[in-house]
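For the single chain, residues carry numbers from 1 onward in sequence order. None of these values were measured; they are calculated from a predicted model.
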Amino acid sequence: MAKISVLAPQVANMIAAGEVVERPASAVKELIENAVDAGADAVTVEIRQGGAAYIRVTDNGCGMDSEDAQAAFLRHATSKIRYEGDLNAIRTLGFRGEALAAIAAVSKIDLFTKPPAAPTGFHVAVEGGEIVEAEETGCPDGTTVVVKDLFYNTPARMKFLKKDSTEAAYVEAAAEGAALARPSLSVKLIKDGKEGLYTPGDGNMLSALYAVYGRDFTRQLAALSGSQRDVQAGGYISRPSFSRANRGMQSFFVNGRPVRSKLLTAAVDQAYQGRLTGGRFPACFLSLRVSPSAVDVNVHPAKLEVKFAREREVFSAVYQFITAALDSADPLRPEPETERRTVGPTQPEPPRRQEAAPKTGYRPRLFTFPEGRPQGGEPLKSGGQIPYQTKFQPAGPGRGDSNQPLPPKETWTESTRAVQPAGGPTSLIPEAKTPVEPQTQPDSVVLPEQPEPRKETPEFRVIGEIFSTYILVQTQDSLVMIDKHAAHERMIYNRLRQNAGGGDGQTLLTPQRVSLSRREKEVLLENESLLSQAGFAIEDFGQGALMIRQTPMYLEGEDIGYVLSDIAGQLLEGKTPRAEAYEKILKSVACKAAVKAGGFTSPEEQENFVARLLADPQVRSCPHGRPTLFVLSQGEIEKQFKRTL
C-alpha cells in the first residue's frame, strides 16, 4: 500500500494558511498591503473581539471586475508579477498571490469591489476556501473585505489565540506599522465601535508618529536623513535623553515594507553606543530605500524579514546616518543663525532629563531603605537607630579610636534628599515608619508570607568599596564582598512583598504623561489593579500614552516611563498567572529603585547598609536569584598565600 499521498487542495490551503495567517493581525497586514498595491491612499480597518470574530478592511483603490474578484481567491493568483525575472525586482508589497486564498481557507469572507469606471460592483462570498456566492451589487469605488469567524474550521489554531485585548493590540501594531511605513496612506482603525487610530496621510512621517504616539513623544525625536551610494534613508530617532527598557519603539521599513532586521538593529545599537546606559534602548523609526534588486523580501513566509545583497554597505550607511543625526541634535552644538533645524512639532523643547552621575561623582539618591521593620527583626527604635555594635571601627579623622564600639547612626529622615539631623552628619536613609498592614481587596493578590528570621548582626568592619559596585567587609574570620545593587534590590522587594496591597505609593505633585507603544499601554491597563497594589495610579490618556498620578515611593527620581516600559515588557512575555504577574511588577520596581552599580556611597551609608544586610538572612540573593554577597573565609585566604595546607 502506498505510504505517500497527495494532499487534497483544501488541506494544502489550510496548511499554507498557517504560514501566512498566524493571528487576526496577520490578516489585517495582508489586506492593507493589498490595498496599498491597488493604489489606495486611504484605508479603514474595523475589528471586533480582537479581530477573531470580525475584520473589515475598506480601501479606495482601483477595485476589480467580476473575473478578477473570483480569481483573487485562487492560490498563487496575483497581478503583481508575470515572469521569473520579476522576482529579481519586487516593487509591490504583495506578490505571492496567497493572501486572500490563505485567509479564505480558515474563515468566512465577503468581498465587495468596484472599479471607478464600472456602473456596478461585484460581491463574492467564500467559506473555507470555497466560493459560495458571486453576484453583482451596489458598492462604492474600491474594495471592502469582511472576514468573519477566523479559524472557525481550525480549532487547534484558535486555541492559541490570546485575549481579545491582546489580539487587538497586535492589530493596532499592524495598522501603525502600515501608517508609518507609508505616511502618504491615511489609516483609520475602529476597535469595537471606537476609533483607535487615525493618521492624516499627508506624506510626513512625523504626522503619523504624532497620531500614533502623541505630541510629547514627538518632541523627543530628531530627524534623520541621508544618502550613500544605493541607500537612502529618512525617519526619526530619539535623543539620548529618551530611552526605553525594550525595543518596542523601534520600527524599520525597507521600500515601504515593515520588516524585522538584525542588521539594522545592530547598526542602531552601534550608533548609540556610549550615549545610553546598558539595558536601555532608543526609539527609532527608520525608512530605507534601496534598489529592489539589492534586497530579498522573500526570505520569510509572512515577508517580515529581508536580506540585503550588500549588508556591510547598508550597516555602514545606517550607522553614519544615525550618528550624524545624534550629533546634530546635541543641544550644546552651535547652529548657524541662518539655518536653524526644526525637529518635530514647533513647540519649545522640554528640559532634558538629568543624566546619571559618573562613576566618580556623587549620586544624589542612595540606599533609601524600605520603611518599617528591618526584615526579620524588631521594629526600629525611636529615631530610627539601628541597634547593633561592632568592635571593628575604622580609624580616621573624626572617626574615633578603632577599638571603640560603633556609635548609633544618625536619625533617618523620610526625604531621600540629604537632611542634616540634630547633632549628626547628613543622611540619605528614610525615616522609619510603623509598618502598614496589607489591606486585602476583592481583586488583590495575596502573596504567601515569608518567615521572619531571627535578627543577629555579626561584628564587622567596612573596609571600603571597589569598582564603585562591591562593598568589602571584614568579620571576625571572613572577608565579605557585597553587591550593593543586588542587596538593595532584595531589601526593597522584600518590603514591597510584605506590604502587598498596602499602598506604598506617593502622589505626584504634577501628574506625568508617559508615551508607550500600544501593546505596552494595553498590557499595563489590563493589569491596572496589580499596578495599583504595587503603588502606581495610572489612567488612559489616549494616543499611546498613560497619565501617571502615583508611583511607588522607592522610585523617586527614576524615569517612570522607562520603569513602566520594563514592566510592560515583563508582562508581555506570555500568559502569566495573576500572582506571577504581580511578582514581576514588584521585581521590576525593586530593580529600578535600587542603588545602581557605579553610584557613589558614603562610608556612613555603607556601614548602615551592611548592618541591615548582615542582620537579615532573607537578603542573600536578589529577586532574580543572583547572590548578594560572597564570603571568603580566613582559612581560604591563608591557603591561597600558602600559610596553611
Side-chain angles (χ1 to χ4, degrees), residues 23-48 50-51 54-63 92-94 99 103 112-113 140-147 167-215 217-218 221 234-236 248-259 283 285-287 302-304 345 515-522 542-545:
R23 52 176 17 106
S26 306
V28 170
K29 171 183 175 294
E30 296 288 349
L31 294 175
I32 292 178
E33 289 182 354
N34 280 350
V36 171
D37 288 340
D41 58 15
V43 174
T44 299
V45 179
E46 181 180 357
I47 62 170
R48 300 173 192 165
Y54 182 89
I55 298 171
R56 178 176 63 84
V57 177
T58 300
D59 68 63
N60 63 349
C62 64
T92 56
L93 298 181
I103 298 170
F112 301 88
T113 185
D141 294 346
T143 300
T144 296
V145 180
V146 178
V147 182
E167 293 299 335
Y170 281 110
V171 172
E172 286 179 297
E176 291 168 3
L180 296 176
R182 302 270 179 163
S184 59
L185 177 69
S186 176
V187 178
K188 183 177 182 179
L189 174 66
I190 302 172
K191 183 175 66 173
D192 293 322
K194 298 180 180 179
E195 183 177 303
L197 172 69
Y198 176 76
T199 63
D202 60 1
N204 187 350
M205 181 186 283
L206 191 62
S207 299
L209 287 168
Y210 190 98
V212 173
Y213 293 109
R215 181 186 62 184
F217 174 72
T218 56
L221 301 178
Y236 291 86
M249 287 188 169
Q250 292 186 3
S251 298
F252 303 103
F253 313 102
V254 176
N255 295 343
R257 183 191 305 277
V259 300
F285 304 91
L286 179 63
S287 180
K303 305 186 293 291
L304 294 176
S515 296
L516 300 161
S517 69
R518 290 189 182 267
R519 287 191 63 202
E520 290 174 335
K521 174 183 171 181
E522 193 76 35
Q543 286 189 324

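- Of all non-hydrogen atoms in P258 and F253, the two that sit nearest each other are CA-CD2, 3.7 Å.
- E176 pairs in a side-chain contact (heavy atoms from CB on, under 4.5 Å) with only one of the listed residues (T199, V212, V187), which is V212.
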- [ ] Evaluate side-chain contact (heavy atoms from CB on, under 4.5 Å) for V146 paired with I55, printing each intermediate quantity in order.
- [x] CA-CA 6 Å; V146 178; I55 298 171; over 6 Å; no

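- In this structure, the separation between CG on D59 and OG1 on T144 is 7.0 Å, given to the nearest 0.5 Å.
- T143 contributes atom OG1, which lies 11.5 Å from atom CZ of F112 (distance to the nearest 0.5 angstrom).
- The structure places CZ of R182 at 12.5 Å from CG of D41, a figure rounded to the nearest 0.5 Å.
- Side-chain contact check for L180 versus L209: some heavy-atom pair is nearer than 4.5 Å.
- Note that OG of S287 and CZ of R257 are 12.5 Å apart. Values are rounded to the nearest 0.5 Å.
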Task: Residue pair I190, T44: steps toward the side-chain contact (heavy atoms from CB on, under 4.5 Å) verdict - done: CA-CA 8 Å; I190 302 172; T44 299; 4.2 Å; yes

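- Using a 3.5 Å distance cut-off with no hydrogens or angles, the side chains of Y210 and R215 do not pair a donor with an acceptor.
- Between Y213 and Y236, the distance from one ring center to the other does not fall under 6.0 angstrom.
- Shown here for I32 and A175, the closest heavy-atom pair between the two residues is CD1-CA, 4.3 Å.
- For the pair L206/T218, a side-chain contact is recorded, criterion being any heavy-atom separation below 4.5 Å from C-beta on.
- L221 contributes atom CG, which lies 9.5 Å from atom CE of M249 (distance to the nearest 0.5 angstrom).
- The structure places CG of L197 at 8.0 Å from CD of E195, a figure rounded to the nearest 0.5 Å.
- Evaluation of the side-chain contact (heavy atoms from CB on, under 4.5 Å) rule for D141 yields K114, P116 as partners, not counting sequence neighbours.
- For P24 against E167, the heavy-atom pair with the smallest separation is CD-OE1, 3.5 Å.
- A heavy-atom distance below 4.5 Å is found between the side chains of V36 and L185.
- Shortest non-hydrogen contact noted between R518 and A211 is NH2-O, 4.0 Å.
- Each of T58, V43, I103 was checked for a side-chain contact (heavy atoms from CB on, under 4.5 Å) with L31, and the lone residue meeting it is I103.
- Applying the side-chain hydrogen bond (donor to acceptor under 3.5 Å, both in side chains) test to S517 and every residue at least two apart in sequence or in another chain returns E520.
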Task: Residue pair S186, Y198: steps toward the side-chain contact (heavy atoms from CB on, under 4.5 Å) verdict - done: CA-CA 7 Å; S186 176; Y198 176 76; 3.7 Å; yes

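- Minimum heavy-atom separation, V171 to G50: CG2-O, 3.9 Å.
- Under a 4.0 Å N-O distance rule, the pair K29/E33 qualifies as a salt bridge.
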TODO: Begin from the C-alpha positions of K191 and E46 and carry the test side-chain contact (heavy atoms from CB on, under 4.5 Å) through to its verdict.
DONE: CA-CA 6 Å; K191 183 175 66 173; E46 181 180 357; over 6 Å; no

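- Residues S207 and D202 meet the side-chain proximity criterion, which asks for heavy atoms closer than 4.5 Å.
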